[in-house]
Amino acid sequence: MQIIFRQAKAGECVVTAEAGDNLMHVALANDIAGIPGDCGGQCACGTCHVYINADWVERIGSVMPGSTEEAMIFGAPVDARPNSRLACQISLTPMCDGLIVEIPEEQ
Ligand code: FES
């Protein structure tokens, strides 16, 4: 499947991923700028904050209220939005083919 990462400064990057892959690891494996993933995917750093494209929010799902992910998103210096997610908390499924992920300018 293809995943599309967009960042204002770096532009658009289309990468290949497999069902079951973790979105943050896909970004790291493809040297996507703007997703450092400092904690390695433990939901403990918030540096994999992304915005799910509006057309994909329903399919990917919103952050669970009261979850650690929500706390990390709203505790980070990055602007939190209704479509904010942590990439390390998203496991790709076959229905994610064509997913568009927007990356904050800085984190
Ligand atoms: S990589 Fe640290 S919270 Fe996602």
Side-chain angles (χ1 to χ4, degrees):
M1 76 180 77
Q2 292 192 319
I3 306 295
I4 301 158
F5 290 96
R6 288 182 180 160
Q7 191 185 42
K9 290 179 188 163
E12 186 171 290
C13 188
V14 181
V15 304
T16 301
E18 303 292 331
D21 285 351
N22 175 282
L23 183 60
M24 185 274 290
H25 287 133
V26 169
L28 260 57
N30 288 279
D31 295 323
I32 300 296
I35 304 182
D38 289 342
C39 74
Q42 301 301 308
C43 198
C45 70
T47 64
C48 63
H49 190 149
V50 295
Y51 303 121
I52 303 300
N53 179 273
D55 293 339
W56 285 88
V57 169
E58 215 168 286
R59 280 173 276 184
I60 299 302
S62 299
V63 66
M64 190 84 74
S67 64
T68 303
E69 180 182 2
E70 183 188 51
M72 292 306 305
I73 288 172
F74 286 92
V78 175
D79 182 29
R81 302 177 187 170
N83 60 338
S84 288
R85 291 295 308 269
L86 295 182
C88 72
Q89 300 304 299
I90 297 173
S91 185
L92 299 174
T93 67
M95 69 159 205
C96 294
D97 187 23
L99 170 64
I100 301 170
V101 178
E102 294 157 13
I103 304 170
E105 285 199 29
E106 291 183 22
Q107 65 179 327

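Numbering of residues begins at 1 and proceeds along the displayed sequence. Order of appearance sets the numbers: ligands from 1, and atoms from 1 within every ligand.
For Ala44, every heavy-atom contact with ligand 1 shorter than 4.0 Å involves the backbone, none the side chain.
In this structure, Asn53 contributes its side chain and Asp55 its backbone to a donor-acceptor pair below 3.5 Å. Put simply, the side chain of Glu69 gets close to the backbone of Leu86: a donor and an acceptor are under 3.5 Å apart. Side-chain atoms of Gln107 come within 3.5 Å of backbone N or O of His49 as a donor-acceptor pair. Arg81 places no side-chain N or O within donor-acceptor distance of the main-chain N or O of Ile52, the cut-off being under 3.5 Å.
For atom 4 (Fe) of ligand 1, the N/O/S atoms of Cys48 include one lying under 2.8 Å. Not a single N/O/S atom of Cys43, whether from backbone or side chain, sits less than 2.8 Å from atom 2 (Fe) of ligand 1. One of the N, O or S atoms belonging to Cys39 lies under 2.8 Å away from atom 2 (Fe) of ligand 1.
Under the side chain to side chain contact (heavy atoms under 4.5 Å, CB included) test applied with Gln2, the options Val14, Val15, Leu99 reduce to a single match, Val14.
Counting the atoms of ligand 1 from 1 in the order shown, those under 4.0 Å from a heavy atom of Gly37 are 1 (S). In summary, the atoms of ligand 1 found under 4.0 Å from a heavy atom of Gly41, numbered by their order in the structure, are 1 (S).
Under the 4.5 Å side-chain heavy-atom criterion for grouping Ile, Leu, Val, Met, Phe, Trp and Tyr, Leu23 is not connected to Met95 through any hydrophobic cluster.
Looking at atom 3 (S) of ligand 1, its nearest protein heavy atom turns out to be Gly46 N, 3.2 Å.
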